[in-house]
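One structure is given below, encoded as structure tokens.
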Amino acid sequence: MEADQDWCLTCGTAAAGRLGERPGWRAASTVIALTVLLVLGAVGAGYAALTGDPQQKAAAPPQTQAQVTPPAATPPAATTPPAATQAQPTTPAQPAKPKTLPKVKTPSAGSTQGSPVTPAPPASSSPSTSTGTTPPATTTPNTTTEPADTGPQAIDLNGDAGTVYDPYGRIKASGEATRALDGDATTSWYVDPKDVQQIGVGYAVDLGKLQGIREIELQTPTAGFRMEIYATDEPELPPDILDTRWSHITNVSNVGAKDDGKQKIVLGAGTTKYRNVLLWFTQPPTDGPRLRLTELKLLG
């Protein structure tokens with residue numbers, strides 16, 4: 001074999017010293033090293049356990065003198081020795097001093113010592129002036145009720161609240177507009193239209209402020225005409241009946257024909273408030289073109 005050759009290529013013989021290393025020593029060395037490590041770990045854990053307790057004891061707060069002071073011993077009760085007897089006429093011996101009774105809670109003012117304590121009666125509903133405390137105020141339930149709805153009521157109108165509404169100039173002649181609101185059944189407002197077939201004239205009432213309208217009552221000696229009811233919340237009358245500021249409410253035909261010239265027109269609950277109400281006359285009465293209003297009332 002060459003100098004750097006470990007095995008014979010012909011017979012397989014190893015070079016001198018090649019097989020001298022034995023695997024058994026290597027395994028034993030590994031076991032011994034592991035055992036030493038385990039022993040060192042156990043020693044370290046034991047040392048940590050032994051050194052940990054004194055630190056915990058040192059961390060505990062020291063007891064105060066009040067905690068370690070033993071309770072004071074109670075001295076024995078003093079007793080009075082019995083009186084000595086003499087040969088002379090004997091005197092009765094003094095009785096022994098009774099033991100001091102334990103202190104009891106002093107009864108409240110007004111109670112008699114030795115008598116049973118009577119519980120105080122419940123406080124009355126009237127306020128007490130002796131203790132100086134004010135009883136809680138009692139709340140009286142509200143017994144007021146809303147006034148009952150008595151139905152539609154007449155609206156107070158000014159004498160000049162009524163005006164003639166003629167946006168198209170169709171009036172031929174007209175009376176005083178105030179006569180329809182004067183409360184006098186002997187007077188009336190009238191209008192003569194230019195067109196005897198179609199009136200196209202209105203009677204407006206200013207309510208003075210925004211109010212709800214529930215009914216209209218009127219009386220006329222010229223029954224049978226037709227009219228439309230409009231209203232607006234504007235203080236000024238719109239210039240035309242087709243103006244969108246007018247709100248159309250209802251139509252009424254043959255006004256006053258059923259009840260001797262009297263007509264009652266129900267408009268609703270009156271929840272919507274208006275400033276001006278308009279009676280727009282479209283067809284003339286049955287007996288002729290002249291139209292009259294004797295009385296006119298608006299109810300809210």
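Throughout, numbering of the chain's residues begins at 1 and tracks the sequence.
By the 4.5 Å heavy-atom criterion applied to side chains, T294 and T187 are not counted as neighbours. Using a 4.5 Å heavy-atom cutoff, the side chains of I229 and N251 are not in contact. Residues I216 and V252 form no side-chain contact, since every pair of their non-hydrogen atoms from C-beta on lies 4.5 Å or further apart. By the 4.5 Å heavy-atom criterion applied to side chains, L298 and V205 are counted as neighbours. Side-chain contact check for V164 versus I171: some heavy-atom pair is nearer than 4.5 Å. Side-chain contact between I155 and L157 is present, with at least one heavy-atom pair separated by less than 4.5 Å. V191 is not listed as a side-chain neighbour of L293, based on a closest heavy-atom distance of 4.5 Å or more. In this structure, the side chains of T232 and S247 stay at 4.5 Å or more apart for every pair of heavy atoms.
Looking at every heavy atom in both residues, T13 comes nearest to C11 through OG1-SG, 2.9 Å. When all heavy atoms of P284 and P289 are compared, the pair lying nearest together is CB-CA, 3.9 Å. The shortest non-hydrogen separation linking P167 to P239 is CB-O, 3.3 Å. Closest approach of P152 and E215 over heavy atoms only: CG-OE2, 3.5 Å. The two residues G162 and A177 have their closest heavy-atom pair at O-CB, 3.5 Å.
Ionic pairing of D233 and K273 is not present here: no N-O contact between side-chain nitrogen and carboxylate oxygen is shorter than 4.0 angstrom. Residues E234 and R275 are not paired through a salt bridge, judged by the lack of any N-O separation under 4.0 Å between the basic side chain and the carboxylate. Salt-bridge formation is detected for the pair R245/D243: a Lys NZ or Arg NE/NH1/NH2 atom is positioned less than 4.0 Å from an Asp or Glu carboxylate oxygen.
For the 3.5 Å distance criterion, the side chains of N276 and Y230 fail to qualify, holding no donor opposite an acceptor. If you check the side chains of S174 and D192, you find no donor sitting under 3.5 Å from an acceptor. With 3.5 Å as the limit, one finds no donor-acceptor pair spanning the side chains of R292 and T222.
When atom types are taken as modelled, the side chain of Y47 and the backbone of A42 share no donor-acceptor pair closer than 3.5 angstrom. Judged by distance alone, with hydrogens and angles left aside, the side-chain atoms of E295 form a donor-acceptor pair with the main-chain N or O of D184 at under 3.5 Å. In this structure, D166 contributes its side chain and R170 its backbone to a donor-acceptor pair below 3.5 Å. Side chain of N158 to backbone of D160: no donor-acceptor contact under 3.5 angstrom is found. In terms of modelled atom types and a separation under 3.5 Å, the side chain of Q283 and the main chain of F281 share no donor-acceptor contact.
Both I213 and Y203 sit in one connected hydrophobic cluster of ILVMFWY residues. Membership requires side-chain heavy atoms under 4.5 Å apart, directly or through other members. Using a 4.5 Å cut-off between side-chain heavy atoms of Ile, Leu, Val, Met, Phe, Trp and Tyr, with links allowed through other members, L207 and W189 fall into the same hydrophobic cluster. L278 and L267 sit in two unconnected hydrophobic clusters of ILVMFWY residues. Membership requires side-chain heavy atoms under 4.5 Å apart, directly or through other members. The cluster map of Ile, Leu, Val, Met, Phe, Trp and Tyr, joined by side-chain heavy atoms under 4.5 Å apart, puts L296 and Y190 in different clusters. Tracing side-chain contacts under 4.5 Å through hydrophobic residues (I, L, V, M, F, W, Y), one never reaches I199 starting from I241; they form parts of separate clusters.
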- Message: Between R226 and S253, is the side chain to side chain contact (heavy atoms under 4.5 Å, CB included) condition met? List the steps.
- Response: CA-CA 4 Å; R226 184 181 184 275; S253 300; 3.6 Å; yes

- Would you sort out whether D260 and K262 count as a side chain to side chain contact (heavy atoms under 4.5 Å, CB included), showing the intermediate values? CA-CA 6 Å; D260 195 19; K262 295 180 181 180; 5.7 Å; no

- Query: Given the rule in the side chain to side chain contact (heavy atoms under 4.5 Å, CB included) test, do L291 and V201 qualify, once you have shown the distances and angles that lead to the verdict?
  - Reply: CA-CA 10 Å; L291 185 148; V201 176; over 6 Å; no

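Note: R290 CZ to F225 CZ = 14.0 Å, rounded to the nearest 0.5 Å. Between atom CG of residue D240 and atom OG1 of residue T244 there is a gap of 10.5 Å, rounded to the nearest 0.5 Å. Atom NZ of K172 sits about 10.0 Å away from atom NZ of K194, to the nearest 0.5 Å. One finds the OG1 atom of T272 at 11.0 Å from the CG atom of L210 (value rounded to the nearest 0.5 Å). Note that the CD atom of Q219 and the NZ atom of K264 stand 15.0 Å from one another [nearest 0.5 Å]. With rounding to the nearest 0.5 Å, the separation of CG in L181 from CD in E176 is 12.5 Å.
In this structure, Q5 places its CD atom where more than 12 heavy-atom neighbours from other residues, nucleotides or ligands lie under 6.0 Å away.
For the side chain to side chain contact (heavy atoms under 4.5 Å, CB included) with W280, the qualifying choice from H248, E228, M227 is E228, the only one to do so.
Aromatic pair Y274/W246: centroids not less than 6.0 angstrom apart.
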